[in-house]
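Inspection log for the structure reproduced underneath, given as structure tokens.
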Amino acid sequence: MSAAPEQAARVAVIGCGIGGIATALALAKKGITVAVYERAPDIGEVGAGLQVGPNAGRILADLGVLEHLTVKAVLPERAVMRSIDSGEEIISIDLSSFPERYGSPYRVMHRGDLLSGLMKAAVDTGLVAVHPGKELVSATQDADVVTAVFADGTTASAEVLVGADGIRSRVREILGDDSPPLASTYVIYRGTFPRTPEFENAVTLQTGPHHHVMHYPIRGGEEMNLVCSFRSVRGPVGSDAWGTAEELDEVFATANPVVRAAIANLDRTKKWVQFDRDPRPGWTQGRFLLIGDAAHSAHQYFAQGACQALEDAVVLAGLLSEADDLSQPLERFEQIRYPRTAAVQRGSRWWGELTHVEAAEAAVRDQMLGAIGDTGLDHLDWLYGDASLPIPPVPDSRDVYEAIPGTERVLGRRS
Ligand SMILES: Cc1cc2nc3c(=O)[nH]c(=O)nc-3n(C[C@H](O)[C@H](O)[C@H](O)COP(=O)(O)OP(=O)(O)OC[C@H]3O[C@@H](n4cnc5c(N)ncnc54)[C@H](O)[C@@H]3O)c2cc1C
């Protein structure tokens, strides 16, 4: 994938998703050599659209990634929430104020475009080597060095090992947490399709009781990205009976015409289980560290998982650049990052619940959100603005998890 730098890598990163390659790039920008090990044989276009809030946009600009995006990111004019049946607007936020307010616009792009932009920028530093086809199976450490062992029998050593290996992190297991991620009863369908005039240049959330769609333009505005989700209780989560395409049609039968036009483009052959984890400290042991989804996986409702992984990357690089012993600042990293990422995890669940409330609660919600309007931005300053701003108390989700005997815990309401 990339020529190995002449010097040995000081940091081994496991996983070449957004978090892993961004960490490699940020470290390399500080002069630290990195080797990235990815289990997939190719690193490419997994996933579809990604919203990149200004907190992450500032990082992409600082890391010089924007110039490496071969397909332009889209700058949506507004973020809109609509009632899914009537199509009526509930709240609209003008995004044009973001560059002045937050130092970066709100962007939407294809995940593959972002990944390849990060990759180009990282490899260009000459300090990052990327090794596909390397699945970490175990790792050990002593006082000075970590040793990673891969499924093909090869090993690699470094001063520090960063687990950026996603929600089912092997590194997290090696640190002693082999708990499964938490499954939601909300099924996800996704799709991309050519943009037509009824789809404005906006990040649009269309919401109803226990179902929603999210759509926005990507790839220079030529395509639309669509995520469609609804709660299914027909059979165990992930089973054939659960969240079928037929149930999807039933749930969205009364949706407004724009939504119905959009969902005709979904890939009905693939449904996704939605996972997250409870906030849980303990991301580091000695020379091992977790970042990104491996450390703090969240639901997509705040559209912040990848953005938080980008924040991890620059905070870690800043700390390591000032240390002779690279293991020394790892606990400090967790102290800095844990409160913020935990707030994103909790807030994402909470916003997901608010998105899916029943009609009576929705009437109250809609009136209150409508009254807030653009002043609602004040509530987002902690997330999109200066990361040192105090984190507002994000309500803990009420009753969102219930234990299903013998299975992973499943998201659902106790009624
Ligand atoms: C429907 C949906 C919509 C979303 N929308 C947004 C959004 O708009 N904005 C946003 O910021 N976030 C969004 N997210 C979240 C975002 O996609 C994730 O938080 C982010 O991609 C996590 O990046 P990561 O690098 O930590 O993990 P991952 O992307 O999961 O990368 C982990 C990598 O590690 C590799 N790996 C795993 N195990 C091993 C091993 N043993 N050895 C070697 N390699 C290994 C994997 O193959 C993978 O390449 C969304 C998520 C979903 C599900």
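From a predicted model like this one, the values you see are computed outputs, not experimental measurements. Just follow the structure's listing: the first ligand is 1, and inside any ligand the first atom is 1.
Nearest non-hydrogen protein atom to atom 4 (C) of ligand 1 is Gln300 CB, 3.6 Å. The nearest protein atom to atom 16 (C) of ligand 1, hydrogens excluded, is given as Ala306 N, 3.7 Å; this is a heavy-atom distance. The protein heavy atom nearest to atom 32 (C) of ligand 1 is Ala164 O, 3.4 Å.
Between Arg190 and ligand 1, no N or O atom pair is found at a separation short of 3.5 Å. In terms of polar-atom proximity, Ile291 is not counted as a contact of ligand 1, lacking any N or O under 3.5 Å from an N or O of the ligand. Below 3.5 Å of separation, one finds an N or O of Gly19 facing an N or O of ligand 1. In terms of polar-atom proximity, defined here as any N/O pair under 3.5 Å, Glu38 does make such a contact with ligand 1. Checked by distance only, ligand 1 and Arg170 stay at 3.5 Å or farther apart across all their nitrogen or oxygen atoms. For ligand 1, the polar-atom distance check against Arg39 finds a nitrogen or oxygen pair separated by under 3.5 Å. Every N/O-N/O distance between Val227 and ligand 1 stays at or above 3.5 Å.
Between the side chain of Asp312 and the backbone N or O of Thr23 there is no donor-acceptor pair closer than 3.5 Å.
Those atoms of ligand 1 with a heavy atom of Tyr37 less than 4.0 angstrom away are 43 (C), 44 (N). Listed by atom number, the atoms of ligand 1 under 4.0 Å from Gly166 heavy atoms are 27 (O), 30 (O), 32 (C). Close approach to Ile14 involves these atoms of ligand 1, each under 4.0 Å from a residue heavy atom: 42 (N), 43 (C). Heavy-atom proximity to Gly17, at under 4.0 Å, picks out these atoms of ligand 1: 25 (O), 31 (O), 33 (C), 49 (O).
By heavy-atom distance, the residue among Leu136, Leu310, Val344, Leu50 lying nearest atom 42 (N) of ligand 1 is Leu136.
Salt-bridge formation is detected for the pair Arg101/Asp378: a Lys NZ or Arg NE/NH1/NH2 atom is positioned less than 4.0 Å from an Asp or Glu carboxylate oxygen. Using a 4.0 Å cut-off between charged side-chain N and carboxylate O, Arg78 and Glu200 make a salt bridge.
Separation of the His299 and Trp351 ring centroids does not fall under the 6.0 Å cut-off.
Between the OG atom in Ser83 and the CZ atom in Arg365 there is a gap of 7.5 Å [rounded to 0.5 Å]. Atom CH2 of Trp350 sits about 9.0 Å away from atom OG1 of Thr355, to the nearest 0.5 Å.
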Check against ring-ring contact (aromatic ring centres under 6.0 Å, His included), His356 and Tyr301: CA-CA 11 Å; His356 295 130; Tyr301 301 112; 5.7 Å; yes

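By the 4.0 Å heavy-atom criterion, His299 is excluded from the residues contacting ligand 1. At least one heavy atom of Lys134 sits less than 4.0 Å from an atom of ligand 1. Remark: distances from the non-hydrogen atoms of Cys307 to ligand 1 include one below 4.0 Å.
For the pair Arg190 and Trp272, the cation-pi test (distance below 6.0 Å, angle within 45°) is passed.
Protein heavy atoms are found inside the 4.0 Å sphere centred on atom 10 (C) of ligand 1.
Ring geometry, Tyr186 versus His210: the interplanar angle falls from 30° to 60°, so the pair is classed tilted.
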